[in-house]
Amino acid sequence: MTAVADGLELRLASTSDREWIYRLRHEVYARELGQHAPNAAERLTDDLDENNVYIVAALRDRLVGFVSVTPPWAVSYSIDKYLRRQDHPELRESGLFEIRILTVDPSRRGVMTGKLLMYAALRWVTSHGGRTIVALGRVELLPMYLDLGLTSTGVPVRSGAVGFELLTGEVADLTDRTLRRYGPLLRDVQPTVRWRLETSFLPEAESCEHGGASIEALGHRFDTLGTHRDVVAADVLDAWFPPAPTVVAALTGGQEWIMRTSPPAQAAGLMEEIAVRRNVPEDAVAVGAGSSDLIFRAFGRWLDASSRVLLVDPSYGEYAHVVERVIGCRADRFSLRREDGWRIDLDRFADCLRGRYDLVVVVNPNNPTGVRLDSGELRKVLAQAPGGTRFWIDEAYIGYSGPGQSLERYAASTDNTVVCTSMSKMYALSGLRAAYLTAPPQIAAELRRWTAPWAVSLPAQIAAVHALRDPGYYTARWAQTALLRAELATALAQVDGDLQVHESVANFVLITLPRGGPSATRLVDWCRRQGVFLRDLSPLSPAFEGRTVRIAVREASANARTAATVAEALRGLRRTV
């Protein structure tokens with residue numbers, strides 16, 4: 001494989017490549033295979049090409065193959081010409097990507113070019129949040145498609161003189177199978193392939209993708225932490241402000257003793273403080289070392305491979321990772337749409353709940369869309385849900401919504417609702433890791449029983465207690481965040497008239513790039529080279545169409561630097577598109 005791939009370039013097709021693609025399509029599918037009638041122009045194209053993505057293989061600057069990907073935002077697919085989607089369950093999935101017209105120049109057939117093109121298509125789909133792939137595989141090439149992990153549905157399709165079968169595959173499963181079978185070969189061939197796609201050749205480590213590249217830039221062994229002042233860490237939603245002075249004083253006053261002393265094993269004092277400050281029963285509280293600790297612990301006990309879970313899409317990626325990749329159970333998506341302002345239609349949501357799920361996850365305000373559900377309206381939906389459905393409400397950013405929006409007290413009085421509250425982002429304690437949940441006492445008791453002793457460090461317990469005691473400081477900082485957020489949104493809106501800016505209710509804004517312009521990935525990479533770190537949302541959901549970026553609010557000077565860098569990046573990138 002190494003020899004046959006030596007020097008092979010894989011990249012997105014340029015505008016000039018399209019003419020070669022259309023002519024090779026005509027040569028193969030009209031003249032060679034008889035799927036279409038030959039035409040005088042000797043070019044073969046169709047209505048899907050406007051929204052199709054082409055990936056090409058080139059050898060020594062000579063094009064030798066291509067594959068096409070039709071993304072879900074193209075609305076229609078090639079399969080629609082032959083099959084009714086409502087008749088086939090595998091075609092009704094949201095976020096469906098179709099891989100089509102894999103074509104290799106006759107001189108390169110049988111030497112791995114086709115498989116590398118399919119692998120490149122899989123990596124591109126993954127980088128755009130794809131979960132399901134479909135393809136119409138030519139019958140004579142079925143062994144190759146099956147070898148790559150696609151599954152035949154047994155549904156035949158005929159087009160001209162060519163026979164096809166409908167193939168499908170889950171992106172995560174296809175990636176796993178590819179790495180198990182071809183991982184060593186891919187690692188061997190990687191140095192010889194000229195990989196030009198906007199995603200890594202090999203998948204990153206098996207974990208949920210988060211922001212945080214900014215901290216990695218400071219040295220993963222913490223040798224250069226002082227340089228954090230030189231970067232704008234707008235890729236993570238850590239607070240821009242420091243913890244309350246009372247928190248800092250409590251930690252610095254006896255830091256040597258605090259570092260060497262074991263914490264209270266069950267964090268009883270912290271739970272008591274939470275109960276008092278939130279006006280909930282103490283037996284309805286459980287704590288953890290950040291919300292991820294609570295998510296992994298609770299979901300790992302509540303769910304198994306047979307469980308049914310409903311997730312909002314797009315939303316915080318940790319939930320899909322835990323449900324699908326760690327536990328391995330089914331997750332359905334309740335899809336949000338940009339044209340609806342990313343809002344949850346609660347009537348449609350209530351209808352969806354009739355499917356009787358074991359667990360339903362709602363992030364409110366939602367991250368990364370930044371939209372808040374009214375707590376009273378949400379409470380009505382929870383109260384009317386079918387029996388046996390448990391709700392997990394993530395309120396990591398609820399403080400930015402103003403007072404009276406939390407469902408913590410409601411959760412403590414029900415039998416089906418758990419509210420998870422991170423203290424990392426709202427209270428400027430991300431580095432210490434502290435979170436809690438409020439739940440019916442019997443559920444909270446289970447979580448406490450499943451918690452390892454000393455799960456929350458002594459610095460985190462001390463900091464969290466003192467933070468809860470100073471609501472005035474944090475309320476003022478949250479109000480100041482809203483002003484900074486509005487200023488950042490205004491500055492970004494002035495960067496470019498084609499740039500869509502969505503101001504969230506939390507500590508970030510979204511920008512959406514115009515279709516046909518630079519991708520979110522390229523913008524983020526450009527800014528990163530200037531020390532400004534932003535979050536590319538492309539891998540999180542296909543709803544973002546590869547063109548949406550999340551930008552965290554920072555202090556005024558950093559926000560100004562961010563807006564200026566985005567403007568500079570867009571000017572530079574447009575010259576290269």
Between [Y] and [X], is there a side-chain heavy-atom distance shorter than 4.5 Å?
X	Y	value
Ser307	Ile327	no
Leu12	Arg196	no
Asn364	Arg372	yes
Ile511	Leu523	yes
Cys329	Arg308	no
Gln500	His502	no
Tyr82	Leu166	no
Leu33	Val28	yes

Inset, instruction - Check step by step if salt bridge (charged side-chain N to carboxylate O under 4.0 Å, His left out) holds for Arg181 and Asp147. - result: CA-CA 9 Å; Arg181 181 157 190 175; Asp147 187 54; 2.3 Å; yes

Legend entry - Spacing of CG belonging to Leu96 relative to OG1 belonging to Thr70, to within rounding of 0.5 Å: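 Spacing of CG (Leu96) from OG1 (Thr70) equals 10.0 Å.
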
Between [Y] and [X], do the side chains contain a donor N or O and an acceptor N or O under 3.5 Å apart?
X	Y	answer
Ser152	Glu165	yes
Thr512	Arg338	yes
Asp17	Ser14	yes
Ser519	Glu198	yes
Asn51	Arg515	no
Ser335	Asp313	no
Ser159	Tyr29	no
Asp80	Ser76	no

So does [Y] get a backbone contact from the side chain of [X], meaning a donor-acceptor N/O pair under 3.5 Å?
X	Y	value
Arg485	Val509	no
Thr132	Gly169	no
Arg547	Leu513	yes
Arg574	Gly517	no
Arg43	Glu19	no
Arg31	Pro38	no
Arg550	Asp536	no

Legend entry - Ring centers of Trp124, Tyr54 separated by less than 6.0 Å: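 When the ring centroids of Trp124 and Tyr54 are compared, they turn out to be at least 6.0 Å apart.
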
Inset, instruction - Assess the pair Tyr357 and Phe391: is the distance between their ring centroids shorter than 6.0 Å? - result: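 Not close enough - the centres of the two rings lie 6.0 Å or further apart.
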
In terms of heavy-atom contacts, does [atom1] of [X] have more than 12 from other residues, nucleotides or ligands at under 6.0 Å?
X	atom1	value
Arg356	CZ	no
Asp61	CG	no
Gln86	CD	yes

Legend entry - Test side chain to side chain donor-acceptor pair (under 3.5 Å) applied to Asp394 - qualifying residues, sequence neighbours left out: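 Testing Asp394 for side chain to side chain donor-acceptor pair (under 3.5 Å), a comparison that skips the adjacent residues, returns Tyr319.
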
Legend entry - Heavy-atom closest contact (Thr175 atom, Pro203 atom, distance):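 Between these two residues, the closest heavy atoms are CG2-CG, 3.9 Å.
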
Legend entry - Which atom of Pro368 lies closest to which atom of Pro314, heavy atoms considered: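 Here Pro368 and Pro314 meet closest at CD-C, 4.4 Å.
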
Inset, instruction - If the plane angle is over 60° it's perpendicular, under 30° parallel, otherwise tilted; pick one for His128 and Trp73. - result: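 Because their plane-to-plane angle lies in the 30° to 60° range, the rings of His128 and Trp73 count as tilted.
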
Legend entry - Audit row: Asp332, Arg330, salt bridge (charged side-chain N to carboxylate O under 4.0 Å, His left out) steps and yes/no: CA-CA 7 Å; Asp332 290 343; Arg330 173 180 174 179; 2.9 Å; yes

Legend entry - Residue that, paired with Leu537, satisfies side-chain contact (heavy atoms from CB on, under 4.5 Å) out of Thr369, Leu510, Val549: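 Among Thr369, Leu510, Val549, the one meeting side-chain contact (heavy atoms from CB on, under 4.5 Å) with Leu537 is Leu510.
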
Inset, instruction - Step by step, work out the salt bridge (charged side-chain N to carboxylate O under 4.0 Å, His left out) result for Arg337 and Asp340. - result: CA-CA 5 Å; Arg337 301 186 303 176; Asp340 296 333; 2.8 Å; yes

Inset, instruction - Evaluate salt bridge (charged side-chain N to carboxylate O under 4.0 Å, His left out) for Arg529 paired with Glu568, printing each intermediate quantity in order. - result: CA-CA 12 Å; Arg529 291 194 295 271; Glu568 176 191 352; over 6 Å; no

